[in-house]
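Read through the structure below, which is laid out as C-alpha cells, and then see the notes.
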Amino acid sequence: MAQILAPSMQWQMRMPKYSNIASPMTTKMWSSLLMKQNKKGTNRSSAKFRVLALKSEDSTVNRLEDLLNLDITPYTDKIIAEYICQNNTISCWNRIGGTGIDMRSKSKTISKPVEHPSELPKWNYDGSSTGQAPGEDSEVILYPQAIFKDPFRGGNNILVICDTYTPAGEPIPTNKRHRAAEIFSNSKVSAEVPWFGIEQEYTLLQQNVKWPLGWPVGAYPGPQGPYYCGAGADKSFGRDIADAHYKACLYAGINISGTNGEVMPGQWEYQVGPSVGIDAGDHIWCSRYLLERITEQAGVVLSLDPKPIEGDWNGAGCHTNYSTKSMREEGGYETIKKAILNLSLRHKEHISAYGEGNERRLTGKHETASIDSFSWGVANRGCSIRVGRETEKQGKGYLEDRRPASNMDPYVVTSLLAETTILWEPTLEAEALAAQKLALNV
Ligand code: ADP
Ligand code: MN
Ligand code: MN
Ligand code: MN
C-alpha cells in the first residue's frame, strides 16, 4: 500500500500527557510497515514525520485505536490491573496448551495507582465456573506477587504476576512459585545472592497451518546455517515481533538483556537477567505473557515446544546461566566446580524438572548433550553444563545449564539450581566418585 511522509508541525502539541506510552499494535502491523493514521494522529514515534496511509483498510479499527489509546488519567485515578497466572499455579484454569505454556489473565479496576504488589487486593476466583473444579471448595485465591507496567494499556496501568492459594491460605499443589520463594528466602541461599540469566528461545508459527513462520507451507526451507543472527528477507522471519517484544519488556520493567535470531529459521531468543532469586521467575513469566499478547496481535502463534520440528532442525531451550556470590568472587572457580559436582549427582531430578518433551530435544545433536548422561566442559556447547572461557580465565564467574527446555518453569529451575548447589550435600563417598568421573578436583 502506498504511503507518504508528511512533516507534522503541530503533532507534538497533540501528544498526550503520558507520551511514553507504548503504542498498541494492530493485527495488521506485523504484515505491513504501515502505521495507520487517522486525522487525530496517534503515532507516538518521535520522528519529525508522520506516516499517512492513503487508504485505510478498515476505519473501524482506526476508531478502536483511538479508544484504546485514550488517556484516562485526567478523568480518574483508577487504573486497570491485569492479573496473570500460569497453568502450573492455577489448577482450575489448567489445560494442555499448544504452546507448552498456558497463561491466563483477567482485568480488575484498582482505585488508584500502586507501586507495590502488597497494595493490591487478593482476588477470589471461582474454579467451578470453568467446569474444571468441583462445585464444593472450588475457590482459588490469586495473590499478587509482582507488578510490571502494562505496555498495552500504558499510563499507570499494570500487569500483575500472581500465584494461587486455597481460601485457608495453603498454596495449591501446583503453585511452584511458593516453594521457590521459600528456597530463595532461606538465609543460606539469600546470603549467596543467586543470579540467573535466562535465555528464552521460542518458535513462531503461521496461525492457520502451525508451521514455522517464513517456511513454505508443507515444505522446508534451506538447511540451517544462514539464519542464526541473520538479516534479510530469506533469512530472518518475525523480527518485528522480537523487536516489539524487546521494547515492551523494557517498558514493563523486565530485566531483558538482549535478543537474537536463532539457528532454526522462525526461531528467536531473548535473554532476561542477571536477576536475583525469585525475580528471575517473575520476569520470565511476565516476558512470556507479553510475547503471547504480541503474537496474538500479530496473528502469529507462539510455540515453546522444545522440539517443534523433527529432524535436522534445532530445538528450543532455556539455557539458565547461574552464579552465586562465592562463584563471582576471587577463587570462585572452585565453588563452580563443586556446584557442577553436585549437579552431576542430581542429574535425574533436574532433568525431570526441566520441561515437558525435553527428551525430543536433548539428543546429543544440535548443540545439546544427551538426556541420559551428565557432562560439563569449558566452552563446549555439547555439554549439559558449559563454563565460559572467560570464567575459566578469570578463575571466577558463572556456569550455564544448557539442559532446561524452552517450556520449563523458571520458578522450578532456578530454585532447584539454588537448592542443589547451596543447600544439598552429597555423601563423601558419592562426592569422591563423581569427582573422579568428571575429572573435577574439588
Ligand atoms: P550464550 O553465549 O549462551 O548465547 P547469552 O549471551 O545469550 O549466552 O546469555 C547469557 C546470559 O547470562 C545473559 O542473560 C547474562 O545476563 C547472563 N549472565 C552474565 N553474567 C552472569 C552471572 N555472573 N551469573 C548469572 N548470569 C549471568
Ligand atoms: Mn544465547
Ligand atoms: Mn540460543
Ligand atoms: Mn546459551
Side-chain angles (χ1 to χ4, degrees), residues 184 189-190 192-203 224 227-230 242 245-246 249-250 254-264 267-288 304 306 314-340 343 354-355 358 361-362 366-369 375-406 408 410 413-418 420-422:
F184 287 122
V189 174
S190 59
E192 279 291 349
V193 199
W195 288 8
F196 300 94
I198 297 177
E199 304 170 53
Q200 175 72 64
E201 293 178 343
Y202 61 94
T203 310
Q224 292 183 163
Y227 310 110
Y228 177 67
C229 300
H245 178 253
Y246 200 164
C249 283
L250 286 172
I254 288 167
N255 189 16
I256 188 167
S257 44
T259 176
N260 61 265
E262 267 305 332
V263 176
M264 187 184 103
Q267 200 166 85
W268 292 83
E269 169 183 313
Y270 61 90
Q271 301 94 32
V272 174
S275 316
V276 181
I278 196 76
D279 284 357
D282 290 337
H283 283 229
I284 281 288
W285 274 117
C286 190
S287 73
R288 286 176 176 176
L304 291 190
N314 273 32
C318 218
H319 299 168
T320 303
N321 300 271
Y322 168 60
S323 64
T324 60
K325 192 160 168 276
S326 313
M327 295 179 191
R328 295 186 294 268
E329 283 172 359
E330 277 326 298
Y333 202 44
E334 290 309 305
T335 314
I336 292 174
K337 287 198 285 187
K338 168 70 171 121
I340 292 171
L343 288 167
Y354 277 10
N358 209 10
R361 164 180 166 260
L362 294 181
H366 307 113
E367 300 175 49
T368 70
S375 57
W376 80 281
V378 176
N380 188 340
R381 288 172 194 271
C383 285
S384 316
I385 303 282
R386 176 172 70 109
V387 173
R389 275 266 174 260
E390 196 59 21
T391 294
E392 189 196 37
K393 206 172 98 191
Q394 303 259 322
K396 61 181 178 184
Y398 63 100
L399 60 85
E400 176 191 36
D401 191 341
R402 300 176 61 81
R403 297 170 294 173
S406 48
M408 61 83 148
V413 171
T414 57
S415 61
L416 189 57
L417 278 167
T420 296
T421 61
I422 303 172

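We number each residue from 1, following the sequence as shown. Atoms within a ligand are numbered from 1 in the order they appear, just like the ligands themselves.
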State whether the side chain of [X] and the backbone N or O of [Y] hold a donor-acceptor pair below 3.5 Å, judged by distance alone.
X: Asn255; Y: Pro274; result: yes
X: Arg402; Y: Arg381; result: yes
X: Thr335; Y: Met327; result: no
X: His319; Y: Glu201; result: no
X: Thr324; Y: Pro194; result: no
X: Asn358; Y: Arg403; result: yes
X: Glu199; Y: Thr320; result: no
X: Arg361; Y: Pro404; result: yes

Discussion item. Within rounding of 10°, what is the angle whose vertex is the Mn ion (ligand 2) and whose arms end at OE1 of Glu199 and OE2 of Glu269?
Written reply: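 Between OE1 of Glu199 and OE2 of Glu269, at the Mn ion (ligand 2), the angle is about 90°.
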Worksheet item: When rounded to the nearest 0.5 angstrom, what distance separates OG in Ser275 from CD1 in Ile254?
Response: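 Between Ser275 OG and Ile254 CD1, I get 10.0 Å after rounding to 0.5 Å.
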Discussion item. Please verify the inter-ring angle class for Phe196 with Tyr322; under 30° counts as parallel, over 60° as perpendicular, anything in between as tilted.
Written reply: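 Ring orientation, 0 to 90° scale: parallel.
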Worksheet item: Can you name the N, O or S atom of His319 that is closest to the Mn ion (ligand 4)?
Response: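 It is ND1, the N, O or S atom of His319 closest to the Mn ion (ligand 4).
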Item to complete: Could you tell me which N, O or S atom of Glu400 is nearest to the Mn ion (ligand 4)?
Response: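 Closest to the Mn ion (ligand 4) among those atoms: OE2.
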Looking only at distances, please establish whether an N/O atom of ligand 1 is found under 3.5 Å from an N/O atom of [X].
X: His319; value: no
X: Arg328; value: no
X: Gly397; value: no

Quick test of your reading of the structure: of [options], whose heavy atom lies closest to [atom]?
atom: atom 4 (O) of ligand 1; options: Arg386, Gln200, Glu400, Glu199; value: Glu199
atom: atom 25 (C) of ligand 1; options: Ile198, Leu399, Val272, Asn321; value: Asn321
atom: atom 19 (C) of ligand 1; options: Tyr322, Tyr270, Tyr398; value: Tyr398

Below 4.0 angstrom from a heavy atom of [X], which ligand 1 atoms are there? Numbered from 1 as shown, please.
X: Ser257; answer: 14 (O), 16 (O)
X: Glu269; answer: 7 (O)
X: Gly273; answer: 16 (O)

Worksheet item: Which heavy-atom pair separates Val272 from Ser257 by the least distance, and what is that distance?
Response: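 Residues Val272 and Ser257, closest heavy atoms: N-OG, 4.0 Å.
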Worksheet item: What part of Glu367, side chain, backbone, both or neither, has a heavy atom within less than 4.0 angstrom of ligand 1?
Response: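 Contact part for Glu367 vs ligand 1: neither.
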Worksheet item: So, for atom 6 (O) of ligand 1, does the protein have a heavy atom nearer than 4.0 Å?
Response: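 Under 4.0 Å from atom 6 (O) of ligand 1, zero protein heavy atoms found.
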At what distance is the nearest protein heavy atom to [atom], and which residue and atom is it?
atom: atom 17 (C) of ligand 1; value: Gly197 CA, 3.8 Å
atom: atom 23 (N) of ligand 1; value: Ser323 OG, 3.2 Å
atom: atom 18 (N) of ligand 1; value: Pro274 CG, 4.0 Å

Discussion item. For a quick check under 3.5 Å, do Gln267 and Asn314 share a side-chain donor-acceptor pair by atom type?
Written reply: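 Checked: Gln267/Asn314 side chains show no N/O donor-acceptor pair below 3.5 Å.
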Worksheet item: Is the closest heavy atom of Arg402 to ligand 1 under 4.0 Å?
Response: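 Heavy atoms of Arg402 never come under 4.0 Å of ligand 1.
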Discussion item. Would Met327 count as a contact residue for ligand 1, given that I'm defining contact as a non-hydrogen atom of the residue lying under 4.0 Å from a ligand atom?
Written reply: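 Met327: no contact with ligand 1 (<4.0 Å).
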